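A note on names: the letters A, B, ... follow the listed sequences, proteins ahead of strands, and every chain is numbered from 1. Just so we're clear, the structure is a prediction, and the values are computed from it rather than from any experiment.
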Amino acid sequence: MKEQEINVFIERILEYFHAYDTESSATIQAPFLIDGIDKHVLEYTGVIGITGRNTGTVMFSAPASMLVMLIARFGETGQKKPEMMLDLVGEIANTIAGNAREVFGSKFNLAPPVALRAPLRGLVLAKGLQSYCIPIEWRMRKAHLIVSLT
Amino acid sequence: MKFMVVDDSQMIRNQIERVLKAGEFDFSGSAKDGEEAIREFKSIKPRVVTMDLTMPRMDGLQAIKEMVAIDSQVRILVVSALKDMDTCLEALELGAHGFLCKPFTDYALIEAVEELISDL
């Protein structure tokens with residue numbers, strides 16, 4: 001992956017958080033290369049499989065404390081259940097990957113989201129792909145976008 | 001005016017339902033994939049549908065095609081993260097009337113639906 005391609009995802013993450021919170025911006029720390037996933041996944045992870053122009057995965061991983069705050073911004077007033085957090089991480093991963101088609105085009109094919117709760121078993125990064133972890137901080141909570149693409 | 005929401009995310013379905021109910025639309029039902037959407041569509045006969053595209057079992061583009069074949073008068077607003085011109089044009093060619101990109105604000109949704117039905 002090229003630096004410009006990483007920047008596409010960074011811009012989409014920032015746009016996502018801005019859409020739901022115009023008062024406090026998300027910030028991005030420097031992306032870094034990873035060779036395994038275990039240390040970088042948090043409580044809830046949404047995974048989007050990518051085929052076509054690129055092959056690999058886009059994952060959004062976040063702690064429950066961040067997801068509870070985001071769910072409230074969707075207008076949900078009741079108890080924030082684990083099913084809602086799974087739903088949301090899948091939706092965020094899907095939105096960020098889908099928005100990237102503005103730059104990558106319609107051959108950047110997305111599979112429907114798969115949402116997982118830690119501990120993750122059997123989820124590994126594909127061999128031979130460069131995989132980046134992009135740390136995101138929003139209202140003092142940290143999440144990770146993991147981009148692993150050809 | 002009856003409306004139906006199609007999206008694989010419960011969170012998004014709830015958001016759209018809440019916003020449109022506040023706008024005094026008559027919420028009739030929802031579906032989490034294209035197959036369920038077609039079944040519900042035949043039973044509910046909504047005038048307005050908001051349609052996600054990336055969904056399991058049957059995707060939104062196929063669902064649009066089938067809905068328009070059942071009722072050519074239905075107004076469909078695509079609400080999707082797929083932010084590329086080809087997909088937007090394909091949805092419109094299949095019979096959708098509008099396209100709203102995720103993430104969206106409540107205001108943007110109301111505005112898009114009002115535009116969708118402005119000539120009814």
Side-chain angles (χ1 to χ4, degrees), chain A residues 8 11-22 26 46 48-53 58 60 67-68 70-78 80-115, chain B residues 5-23 27 30-37 51-63 78-94 99-110:
Chain A
V8 170
E11 286 163 13
R12 270 68 201 173
I13 298 165
L14 294 173
E15 285 170 8
Y16 186 90
F17 280 90
H18 185 70
Y20 290 102
D21 186 1
T22 52
I48 304 292
I50 304 291
T51 55
R53 177 192 187 272
V58 174
F60 177 79
L67 296 170
V68 163
L70 274 170
I71 288 168
R73 289 178 179 271
F74 275 79
E76 297 285 347
T77 52
K80 313 301 185 279
K81 297 176 183 169
E83 306 89 82
M84 299 166 87
M85 301 196 210
L86 288 166
D87 183 303
L88 184 56
V89 284
E91 182 62 21
I92 294 173
N94 178 66
T95 301
I96 291 167
N99 286 182
R101 283 171 49 135
E102 186 178 17
V103 176
F104 298 153
S106 59
K107 293 190 169 32
F108 188 76
N109 300 322
L110 280 63
V114 175
Chain B
V5 180
V6 185
D7 200 297
D8 61 347
S9 165
Q10 176 79 52
M11 200 79 60
I12 297 292
R13 292 199 301 274
N14 291 351
Q15 183 188 11
I16 295 174
E17 180 185 337
R18 177 180 52 77
V19 171
L20 294 186
K21 273 182 175 171
F27 173 73
S30 63
K32 63 183 179 304
D33 61 57
E35 283 182 3
E36 187 177 79
M51 177 71 74
D52 188 15
L53 294 182
T54 308
M55 295 183 291
R57 285 178 280 280
M58 181 193 293
D59 70 20
L61 291 173
Q62 183 63 29
V78 174
V79 181
S80 171
L82 301 182
K83 204 174 181 179
D84 62 279
M85 194 54 76
D86 289 348
T87 303
C88 179
L89 290 175
E90 188 178 357
L92 296 175
E93 280 168 12
L94 288 171
F99 200 105
L100 177 65
C101 276
K102 295 177 182 176
F104 58 87
T105 61
D106 293 356
Y107 177 76
L109 175 62
I110 287 283

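- One distance of note links OG of B:Ser80 with CG of A:Asn94; it measures 7.0 Å at 0.5 Å rounding.
- Neither the backbone nor the side chain of A:Ala115 comes within less than 4.5 Å of any heavy atom in chain B.
- B:Phe104 and A:Tyr20 make their closest contact through O-OH, 3.9 Å (heavy atoms, listed as atom of the first residue, atom of the second, distance).
- Side chains of B:Pro103 and A:Asn99 form a contact here, defined as non-hydrogen atoms less than 4.5 Å apart.
- Closest approach of B:Ala81 and A:Thr95 over heavy atoms only: CB-CA, 3.4 Å.
- The heavy-atom pair separating A:Asp87 from B:Gln10 by the smallest distance is OD2-N, 2.6 Å.
- Heavy-atom pairs under 4.5 Å with chain A were tallied for B:Met55, B:Glu90, B:Lys83, B:Lys102; the largest tally goes to B:Lys83.
- Here the closest non-hydrogen pair linking A:Leu110 and B:Leu82 is CD2-CD2, 4.1 Å.
- For the residue pair A:Arg101 and B:Asp84, the shortest heavy atom distance occurs at NE-OD1, 2.7 Å.
- The part of B:Thr105 that comes within reach of chain A is its side chain, from C-beta onward, which places non-hydrogen atoms under 4.5 angstrom from that chain.
- With hydrogens and angles ignored, the 3.5 Å screen pairs no side-chain donor or acceptor of B:Asp86 with any backbone N or O of A:Ser106.
- With a 4.5 Å cut-off on side-chain heavy atoms, B:Met11 and A:Met84 count as touching.
- B:Asp7 places a side-chain heavy atom less than 4.5 Å from the side chain of A:Glu91.
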